[in-house]
Amino acid sequence: MRVLVVGGGGREHAVIRKLRENPEITEIFALPGNAGMRKEAVCVPIGAKDIPAIVNFARDEQIDYAVVTPDDPLVLGCVDALEALGIPCFGPRANAAVIEGSKVFSKNLMKKYGIPTAKYESFDDLEEALRYLETAPLPTVVKADGLALGKGVIIAQTREEAEAAVTDMMQGRKFGKSGERIVIEEFLEGPEVSVLAFTDGKAMVPMVSSMDHKRAGDGDTGLNTGGMGTVAPNPYYTPAIAEQCMQEIFLPTMAAMNAEGRTFRGCLYFGLMLTKDGPKVIEYNCRFGDPETQVVLPLLESDLFTVMRAVTEGRLSETEVRFSDKAACCVILASKGYPGSYEKGFPLDIPEAVEKQVYVAGAKMKDGVLVTDGGRIAGCTAVAESLADAIRDAYKIAEQVHFENAYCRRDIGQRALQARREQ
Ligand code: AMP
Ligand code: GLY
């Protein structure tokens, strides 16, 4: 089997490493991939958003199966285009990927089908949005409608901040077209949980829960990033809450998408907040999370390729999806300055002893040497019997990976450990 994976970050590295466990797969092509995964996949310099080039490549190389993981190509219809060639895919079609591609769509879906989420109003007119803010309770949350690299959410503490965010998005076009429409929503409080779920539109199979650390600095300070580390499972996500989420959120979302004629097949990501009024949806993503995938897939005991094909073929309910009851921790090593400006091109040393526990997010070859190439560079990931051990081991791995100007948060998993102790 010749498999194509669209994307090139740490998440894709985790997917590729897991796929390689299946002996039927003879070759994996990563488009574009990154040089840190060159031993596990053939990296082809085709951008993840270049749908025509992806389609040509898949045709010319007689690809048997495609996995599309990033949000952009999914929203742009990469799966639709590959399926039109007869290539089976893992990932939703564009009409279902809209669940992430438009916050207005997802908020309206939740309202229509009674799925718990923050109260909201959506706007495509600046004056109306500003008028609404005059009486909106504070803090208030302003979200760009479309994709914005995870940066389209502003939590405004004051009316002035809220007005500035709205004006930047709608008039200043800070996020381009993505900010032409916006959502203003109620500020919610409580622990956050990420749940990725396999679904084929008939069955919904949640994976082990996880916790992201989105802010750049220790103690959840500093700017929002793509994610500085993760742990799994998330101790706040008890079996009782999991059951409640299944009944009130996961199954109703699947049914809602079916009822709208937008059956979702792939990995649906539920970003949840456990409020005092019960679990609520903060966001949906139409794909595996990054860096959630780096802790979730190492705990998957079943064969990933088998599960993915079952999703594609609508056989998920007959397929075993088993997770280990161990714990995992991923510590991201990033370039100093990220998510702001940073230098790159420094030699990246990953000793062979830890190579299998590192997912490379940003690297390229320069004069025969692996060098850093991005903000997030490496996800150092450990699996252990306990969460405390997984955290300790992940930091030990991180100590062995070297590049100039590296930084990581020192407190990945500490809040989870604290929660576990209090239980
Ligand atoms: P999103 O990109 O929608 O996941 O939002 C990024 C982050 O902003 C989330 O992980 C939350 O921490 C925070 N956030 C988003 N919406 C809300 C909300 N309604 N209330 C409080 N925090 C929120
Ligand atoms: N880690 C959050 C995301 O993938 O959107």
Side-chain angles (χ1 to χ4, degrees), residues 7 9-12 14-15 69-72 74-75 97 99-107 110 116-122 136-157 162 165 169 175 178-179 182-196 207 209-216 220-232 234 236 266-277 279-297 330 332 334 339 359 361 375-376 379 412 415:
R11 164 185 56 201
E12 285 73 23
V15 167
T69 32
D71 46 8
D72 280 313
L74 289 166
V75 170
I99 198 165
E100 174 170 3
S102 166
K103 295 226 192 268
V104 175
F105 171 84
S106 67
K107 295 297 291 191
M110 288 186 269
T117 188
K119 292 195 195 77
Y120 74 103
E121 294 290 336
S122 56
L138 291 168
T140 195
V141 183
V142 180
K143 299 187 173 185
D145 176 47
L147 299 178
L149 295 169
K151 294 178 185 141
V153 175
I154 305 291
I155 297 175
Q157 303 294 337
M169 284 182 197
F175 303 108
S178 289
I182 61 160
V183 168
I184 300 180
E185 71 177 29
E186 171 197 16
F187 176 75
L188 298 177
E189 281 177 284
E192 286 186 57
V193 182
S194 305
V195 179
L196 318 181
M207 301 179 221
S209 62
S210 55
M211 183 192 286
D212 195 3
H213 297 68
K214 285 204 165 100
R215 308 290 285 270
D220 289 328
T221 54
L223 294 173
N224 253 322
T225 70
M228 291 302 295
T230 35
V231 291
N234 185 321
Y236 290 106
C267 171
L268 184 52
Y269 169 128
F270 298 90
L272 306 171
M273 197 170 270
L274 308 181
T275 74
K276 60 178 181 1
D277 302 321
K280 296 192 179 179
V281 177
I282 286 283
E283 64 163 347
Y284 292 113
N285 290 331
C286 64
R287 51 171 176 89
F288 285 100
D290 190 345
E292 284 89 344
T293 306
Q294 289 88 315
V295 286
V296 168
L297 288 187
C330 171
I332 299 287
Y359 299 117
R376 290 188 293 179
I412 300 302
R415 201 147 43 88

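Every number for a ligand or one of its atoms is a count from 1 in the order of the listing.
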Study note, to complete from the structure: Note: ligand 1 atoms sitting under 4.0 Å from heavy atoms of Glu185 are 16 (N), 17 (C), 18 (C), 19 (N)

Revision key, fill the gap. Paired with Glu185, the salt bridge (Lys or Arg N to Asp or Glu O under 4.0 Å) test is passed by just one of Lys107, Lys280, Lys119, namely Lys107

Check your understanding: Are any of the N or O atoms of Asp290 closer than 3.5 Å to those of ligand 2?
Key -> yes

Point to revise | Sub-4.0 Å atoms of ligand 2 with respect to non-hydrogen atoms of Gly289 | key: 4 (O)

Point to revise | Selected option - heavy-atom contact closest to atom 22 (N) of ligand 1, from Ile155, Val153, Asn285 | key: Ile155

Review point. Counting from 1, what ligand 1 atoms have a heavy atom of Lys214 closer than 4.0 Å?
Key: 4 (O), 10 (O)

Exercise for review: Spell out, as yes or no, whether a donor-acceptor pair under 3.5 Å connects the side chain of Ser106 to the backbone of Lys103.
Suggested key: yes

Check your understanding: Which atoms of ligand 2 are found less than 4.0 Å from any heavy atom of Gly226?
Key -> 1 (N)

Practice item. Using only heavy-atom distances, determine whether the side chains of Ser194 and Asp212 contain a donor-acceptor pair under 3.5 Å. Key: no

**Study point:** Side-chain donor or acceptor of Arg376 paired with backbone N/O of Gly226 under 3.5 Å
**Key:** yes

Exercise for review: Enumerate the atoms of ligand 2 whose separation from the nearest heavy atom of Tyr269 is less than 4.0 angstrom.
Suggested key: 2 (C)

Exercise for review: Might you work through the salt bridge (Lys or Arg N to Asp or Glu O under 4.0 Å) test for Asp220 and Arg415, ending with a clear yes or no?
Suggested key: CA-CA 10 Å; Asp220 289 328; Arg415 201 147 43 88; 3.4 Å; yes

Practice item. Check each atom of ligand 1 against the heavy atoms of Phe187 and keep those under 4.0 Å away; list them by number with element. Key: 20 (N), 21 (C)

**Study point:** For the student: nearest non-hydrogen atoms of Ile332 and Pro291, plus distance
**Key:** CD1-CB, 3.9 Å

Exercise for review: Ignoring hydrogens and angles, state whether a donor on the side chain of Ser210 or Glu292 is under 3.5 Å from an acceptor on the partner side chain.
Suggested key: no

Review point. For Asn224 and ligand 1, does the shortest N/O to N/O distance drop below 3.5 Å?
Key: no

Revision key, fill the gap. Quick note on ligand 1: atoms under 4.0 Å from a heavy atom of Lys143 include exactly 3 (O), 15 (C), 16 (N)

Practice item. Go through ligand 2 atom by atom and flag the ones less than 4.0 Å from a non-hydrogen atom of Asp212. Key: 1 (N), 2 (C)

Check your understanding: For ligand 2, which atoms sit closer than 4.0 Å to a heavy atom of Glu292?
Key -> 1 (N), 2 (C), 4 (O)

Study note, to complete from the structure: closest protein heavy atom to atom 17 (C) of ligand 1 is Ile282 CD1, 3.6 Å

Practice item. Check each atom of ligand 2 against the heavy atoms of Asn285 and keep those under 4.0 Å away; list them by number with element. Key: 3 (C), 5 (O)

Exercise for review: Indicate yes or no for a side-chain donor-acceptor contact from Asn234 to the backbone of Tyr236 under 3.5 Å, with no hydrogens or angles considered.
Suggested key: yes

Check your understanding: Quick one: does Glu189's side chain get under 4.5 Å of Thr275's, heavy atoms only?
Key -> no

Revision key, fill the gap. Closest to atom 5 (O) of ligand 2 among protein heavy atoms sits Arg287 NH2, 2.9 Å

**Study point:** Identity and separation of the nearest protein heavy atom to atom 9 (C) of ligand 1
**Key:** Glu192 OE1, 3.5 Å

Check your understanding: Do Leu188 and ligand 1 have an N or O pair less than 3.5 Å apart?
Key -> yes

Review point. Judged by non-hydrogen atoms, does Lys103 sit under 4.0 Å from ligand 1?
Key: yes

Review point. How about Tyr269 and Phe288: are their ring centres within less than 6.0 Å of each other?
Key: no

Review point. With no hydrogens and no angle check, is any side-chain donor or acceptor of Arg215 less than 3.5 Å from a backbone partner on Gly222?
Key: yes

